[in-house]
Amino acid sequence: MADGAVNFLLDKLTTILQQKASLLRDVHEKIEEIKHELESMRSFLRDAERRKERSASVEAWVKQVREVAYEAEDIIDEFLHHIHKERLNNRFKGAVQDLVNFPRTITARHQISSKLQKIKAKVHEVSERSKRYGFDQLDEGRTGNVFGDPWQHYGESSSFVDEDEQLLGWLTEEEPRRTVISIVGMGGLGKTTLVTRVYNNQIIKRMFDCWAWISVSQTYGIEDLLRSMIKEIFDKTQVPIPNNLGSIYYRQLLQMLIDHLHQKRYVIVLDDVWSIDLWSKIRGAFPNNKCGSRIILTTRNENVASSIGIGSRVHRLQPLQERDAWVLFCRKAFWNDPEHKCPEELQPLAEAILKKCEGLPLAIAAVGGLVCSRSKRIVEWKNVYESLNWQLNNNPMLEQVKGILLLSFNDLPFYLKHCFLYCCVFREGYSIKRKKLIRLWVAEGFIRERKGMTMEEIAEEHLMELILRNMIQVTETNEAGRSKTCRVHDVMRELALTTSEKENFCTTYDGYQSSLEGKIHRLSIYNTGESIQLSSTISRQLRSFFVFPTDMGSSFSLNSVLSKFKLLRVLNLEGVPVQTIPTTLVDLFNLRCLNLRDTKIKELPKSMEKLSNLQVLDVWRTNLERLPSGISKLSKLRHLMCSNHDQNSETINVNGLQAPAGIWNIRSLQTLACVDAEKELLQQVGNLTDLKRLEITKLRAIDGPNLCTSIQRMTDLVRLGLVATDIEEQLQLEALNSPPLFLQKLKLVGKLNKLPPWLPSLASLTHLHLCFSCLEEDILSSLHVLSNLVSLELKRAYDGKLLHFKSGWFPRLNKLVLLQLARLDSMMLEEGSLPSIQELYLVRCEELKVLPHGIEHLTSLKMLHLEEMTEEFLQMLDINATEYQEKIQHIPVINLLV
């Protein structure tokens, strides 16, 4: 992680030197020298961080590098703030005021220059120390271990996996072509165990001519790997191994394997593969000889499995189900009981301990082995449960768990290590929203710019890579199958927390500590923030401050903490019952993200323009009545979420906020939601050509032309929400000749004379919500051409009597919601219509007396939700119970709410 801190700072220094050279003046040379010193120590630092074991002196040196990088970054941030203040003074003050401020400016520059001089000397000293003690010579000549550590799979051998038959079937099927089988899953799931059991099956020995098991480590040499394979295969087939094998190189090694295997039916296991390019380098050694040969590959990385291409199979190993997990735990914890039975008084604690393992066989087996040596007293087991984090990091019995799981973390590049560890700021079990996490990564500066992509798009790539590496788990997907929320496995999170606290990256406070000391850069409070005592060191260096309310009272005050957080970048108070924001907030010049969602605040400080670095302002669902005018001067603002409306209301109940004049001048804005319609806003909002999401409320019919003209200019728009002033007000949208080409989500709330003529042309549209439209035309005949639509919601949007879904219509629609369609009395579902539908909601459709005709054709339907339907509808279900049971028996979940 010191490598990450240094790389992060080097990126920042490079940008500063390139973009602000004319403003640096007397400190330019010092910053340049700091950059050169950091670059000179980076290569050894990377090597030091890769070592599994480091001496105390190397460990101390790595810590010093990390701390000096953090300290240098603090000074650079302070200097950039000073430059910004200078520029503002020059822009807005007169010559007399400049003369008054001149001595103050000189003093500030001198102080910062002095700090930079000291930090430059400290960086130089740390760099020299590595040379003085010869750290760079410690492991010279050392090569990577092809076979990995001997204990690497020890823990997995205890796992409980019942999936042998499928793998055995793939190996022995009649398919003559060479097939690659990838077993994918996070560390500790039992991939190696599964393959070992099948590989050792006597059926495999009888069916294949030769076989070999090769363990691939994170650092492998391709030629050493090929030599190991030759030794293994030749030895098993009793072929002499060449004496000069060590001097034979890549092409000859490949040819040697091809010559030996080309007429044989072989099975090769490549265990624990990390690198995507391994297969491309080694595939030539395995001839596709139509003999039914098989290659099994185990990996933690989905990208590795998907890189194989044609002629491959992928099996994704899942955590154990609750019953299997309990059986495995009891086998380990109560091994000396013939029935492996848990005593009744210990069951609640046993279940709590097991829940922490979340179905991970490696952890279940290890923790079960840990408690089996304890007495069967409740207090003993309670101590294990409450100290599991300590046990994972200090108990030798759990060393294998820690080692295997940390391999995945150590394999991450530095920029992904930052992103992964940042997940530690969220409390255990917290479902992290994808968009929120992405915005936080950008605000923290973890994302490096890339030409042709927004920072958010790059951050989303990082998140996907962590998901594919099985480091982050998706907990909820949207209708399109895209991740909506995610989390980190509890056991992995415990280990990440330890790493995070050791590296001073993030610290958590749960109310049990009386105070916090040391150097902390990110702090999460999980209990109460009222009694916490922060040292001055923590206050000065804190970059992120999160509060997750549990039993917190409404008296929580920010006054005592904000005045200390000089360099704060992220302030997250979502859901905390604060009512006021102190004016000292605007002194946080470094603040990038301010999240006040679901708080009770009524106003923001008037001088918000002082927060010149602010990128995210989230005041969604608060008691705000207006936004300060200074917000329109925040030139770096990227996301503004400031209102909401009640979607369950009988009327359009809008809690919108008036956008400050000039908001359309913030060209960096990507999100503007929700703001009230005003003439000048509607005319000027088209200037925001980088906008991705726009939601406007209180629209009138006369606003249509101006709004349409502006929307046509926002070609990058992917989400659009338009809300009328009330249910009688029309949305006039016919003037939109060229709608945004990549629009994915569209919400129209208000009366429509007819569907906008451009709506069927939205080829990229995935979500459509029409509310209070009161349309009488057959809307399905127009909408069915939206072949990518995955979610369709109609609330009081259709006044017709029939909805007829024809065969082939809406091929990807996953969710259909019909609410308060007052005149709808019948639905026709032809066979072949809605082939992908999984959720169907029918809510308060008063004239609908029977189930949709043809519902039995919806074979993919997983959930039918019936709410506030008429008494006649419910009676019909009872009267014709047998008839309807046959039609809906394929639906796993049917919710009936009266």
Side-chain angles (χ1 to χ4, degrees), residues 146-147 153 161-184 190-216 220 222-242 245 248 250-273 275 277-299 304-317:
V146 175
F147 298 99
H153 305 297
V161 184
D162 188 24
E163 304 188 60
D164 305 49
E165 289 187 13
Q166 183 181 38
L167 180 55
L168 191 61
W170 285 349
L171 287 170
T172 58
E173 64 185 347
E174 295 182 1
E175 170 60 57
R177 290 177 299 178
R178 182 197 67 193
T179 303
V180 182
I181 302 167
S182 299
I183 311 297
V184 187
K191 300 180 295 296
T192 302
T193 305
L194 169 63
V195 176
T196 300
R197 285 206 302 266
V198 175
Y199 179 79
N200 290 329
N201 192 301
Q202 289 304 310
I203 296 174
I204 301 300
K205 306 303 181 186
R206 289 196 299 267
M207 291 190 66
F208 290 88
D209 302 321
C210 61
W211 47 90
W213 181 295
I214 305 297
S215 295
V216 184
Y220 66 87
I222 192 67
E223 291 179 344
D224 287 337
L225 199 65
L226 292 170
R227 292 186 188 105
S228 299
M229 204 178 304
I230 289 170
K231 289 178 183 177
E232 179 92 0
I233 294 172
F234 281 27
D235 182 61
K236 293 283 177 61
T237 53
Q238 298 182 342
V239 173
I241 299 170
L245 187 63
I248 300 176
Y250 179 69
R251 291 189 179 279
Q252 293 92 337
L253 292 169
L254 282 180
Q255 192 60 51
M256 192 178 295
L257 281 166
I258 293 169
D259 292 343
H260 186 79
L261 297 174
H262 81 282
Q263 289 185 335
K264 292 183 175 66
R265 186 178 190 185
Y266 56 86
V267 58
I268 308 292
V269 175
L270 299 174
D271 187 34
D272 205 28
V273 178
S275 171
D277 66 348
L278 172 68
W279 179 245
S280 64
K281 293 178 180 178
I282 206 172
R283 65 185 301 170
F286 308 120
N288 191 358
N289 52 17
K290 304 293 179 66
C291 294
S293 297
R294 302 289 182 262
I295 298 162
I296 306 175
L297 179 151
T298 72
T299 181
V304 171
S306 61
S307 69
I308 305 300
I310 299 173
S312 65
R313 292 181 179 272
V314 179
H315 178 64
R316 293 171 178 84
L317 214 55

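The figures that follow rest on heavy atoms only: side chains count, while hydrogens, waters and symmetry mates do not.
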Peer 1: So, applying side chain to side chain contact (heavy atoms under 4.5 Å, CB included) with Thr298, which one of Leu317, Asp271, Ile181 is it?
Peer 2: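 It is Asp271; the other options fail the test.
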
Peer 1: When you measure from the side chain of Asp209 to the backbone of Tyr266, do you find a donor-acceptor pair of N or O atoms at a distance under 3.5 Å?
Peer 2: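 Not a single qualifying donor-acceptor pair exists.
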
Peer 1: Any non-hydrogen side-chain atom of Leu253 less than 4.5 Å from a side-chain atom of Arg227?
Peer 2: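 Yes, their side chains come closer than 4.5 Å.
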
Peer 1: So do the side chains of Val273 and Trp279 get within less than 4.5 Å of each other, counting heavy atoms only?
Peer 2: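 No, their side chains stay 4.5 Å or more apart.
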
Peer 1: Are any non-hydrogen side-chain atoms of Thr193 and Arg197 less than 4.5 angstrom apart?
Peer 2: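 Yes, at least one pair of side-chain atoms sits under 4.5 Å.
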
Peer 1: Any idea which heavy atoms bring Lys264 and Cys210 closest together, and the distance?
Peer 2: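 Lys264 and Cys210 have their closest heavy atoms at CD-SG, 3.9 Å.
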
Peer 1: Give the intermediate values and the outcome of side chain to side chain contact (heavy atoms under 4.5 Å, CB included) for residues Ile230 and Met256.
Peer 2: CA-CA 8 Å; Ile230 289 170; Met256 192 178 295; 3.7 Å; yes

Peer 1: Hey, what do you get for OG (Ser312) to CZ (Arg178), rounding to the nearest 0.5 Å?
Peer 2: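 CZ of Arg178 is found 10.5 Å from OG of Ser312.
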
Peer 1: Write down the atom of Ala285, the atom of Leu226, and the distance for their closest heavy-atom approach.
Peer 2: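 Distance-wise, the nearest heavy atoms are CB-CD2, 4.3 Å.
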
Peer 1: Please check if atom NZ in Lys290 has more than 12 non-hydrogen atoms from other residues, nucleotides or ligands closer than 6.0 Å.
Peer 2: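 Result for NZ/Lys290: open.
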
Peer 1: Measure the shortest side-chain to side-chain distance between Met229 and Leu257 over non-hydrogen atoms and say whether it is less than 4.5 angstrom.
Peer 2: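 A side-chain contact under 4.5 Å exists here.
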
Peer 1: Donor-acceptor pair, Asn288 side chain versus Arg177 backbone, under 3.5 Å?
Peer 2: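 Here the side-chain-to-backbone pair does not exist.
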
Peer 1: What distance do Ile248 atom CD1 and Gln255 atom CD have between them, rounded to the nearest 0.5 Å?
Peer 2: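 Answer for the CD1-CD pair, Ile248 versus Gln255, is 12.0 Å.
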
Peer 1: Using the side chain to side chain contact (heavy atoms under 4.5 Å, CB included) rule, take Lys205 and Tyr199 through it: C-alpha gap first, then chi angles, then the decisive distance, then the call.
Peer 2: CA-CA 8 Å; Lys205 306 303 181 186; Tyr199 179 79; 3.9 Å; yes

Peer 1: Provide the closest heavy-atom pair for Lys191 versus Val184 in the form atom of the first, atom of the second, distance.
Peer 2: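 The pair with the smallest heavy-atom distance is CD-C, 3.9 Å.
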
Peer 1: When you measure from the side chain of Tyr250 to the backbone of Lys281, do you find a donor-acceptor pair of N or O atoms at a distance under 3.5 Å?
Peer 2: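 Flag set: sc Tyr250 to bb Lys281 pair under 3.5 Å.
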
Peer 1: With the side chain counted from C-beta on, respond yes when Thr179 and Trp170 share a heavy-atom pair under 4.5 Å apart, and no when they do not.
Peer 2: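 With C-beta onward as the side chain, the pair stays apart.
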
Peer 1: Do the side chains of Leu278 and Ile222 get nearer than 4.5 Å, heavy atoms only?
Peer 2: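 They are in side-chain contact.
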
Peer 1: When rounded to the nearest 0.5 angstrom, what is the spacing between CD1 in Ile296 and CH2 in Trp213?
Peer 2: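 Going from the CD1 atom of Ile296 to the CH2 atom of Trp213 covers 7.5 Å.
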
Peer 1: Does Asp272 use its side chain to pair, donor to acceptor, with the backbone of Ser215 at less than 3.5 Å?
Peer 2: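 A pair under 3.5 Å: no.
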
Peer 1: Hey, are the side chains of Ile233 and Lys236 touching, using non-hydrogen atoms and a 4.5 Å cut-off?
Peer 2: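 No; the side chains remain at least 4.5 Å from each other.
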
Peer 1: I'd like to know if the side chain of Asp235 reaches the main chain of Lys231, judged simply by a donor and an acceptor atom lying under 3.5 Å from each other, with no hydrogens or angles considered.
Peer 2: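 Not at all, since once roles are kept as given, no pair shorter than 3.5 Å links the two residues.
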
Peer 1: Between Leu254 and Gly284, what is the shortest heavy-atom contact and its length?
Peer 2: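 For Leu254 and Gly284, the tightest heavy-atom pair comes out as CD2-C, 4.2 Å.
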
Peer 1: Could you check whether the rings of His260 and Phe234 sit parallel, tilted or perpendicular, using 30° and 60° as the cut-offs?
Peer 2: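 His260 vs Phe234 ring planes: tilted.
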
Peer 1: So, taking the atom named CZ in Arg294 and the one named CD1 in Ile268, what distance separates them when rounded to the nearest 0.5 Å?
Peer 2: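 Reported value, rounded in 0.5 Å steps: 13.0 Å.
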
Peer 1: What are the two closest non-hydrogen atoms of Glu232 and Ala212, and how far apart are they?
Peer 2: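 Heavy atoms only, the tightest pair is CG-CB, 3.3 Å.
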
Peer 1: Looking only at heavy atoms, what is the nearest atom pair of Ile203 and Asn201, with distance?
Peer 2: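 Looking at all heavy atoms of both residues, the shortest contact is N-OD1, 2.8 Å.
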
Peer 1: Taking side chain as C-beta onward, heavy atoms only, is Ile204 less than 4.5 Å from Trp211?
Peer 2: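 No. Closest side-chain heavy atoms not under 4.5 Å.
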
Peer 1: When you check the gap from the basic side-chain N to the acidic O, do Arg313 and Glu175 get nearer than 4.0 Å?
Peer 2: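 Between Glu175 and Arg313 there is no salt bridge, as every charged N stays at least 4.0 Å from the carboxylate O atoms.
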
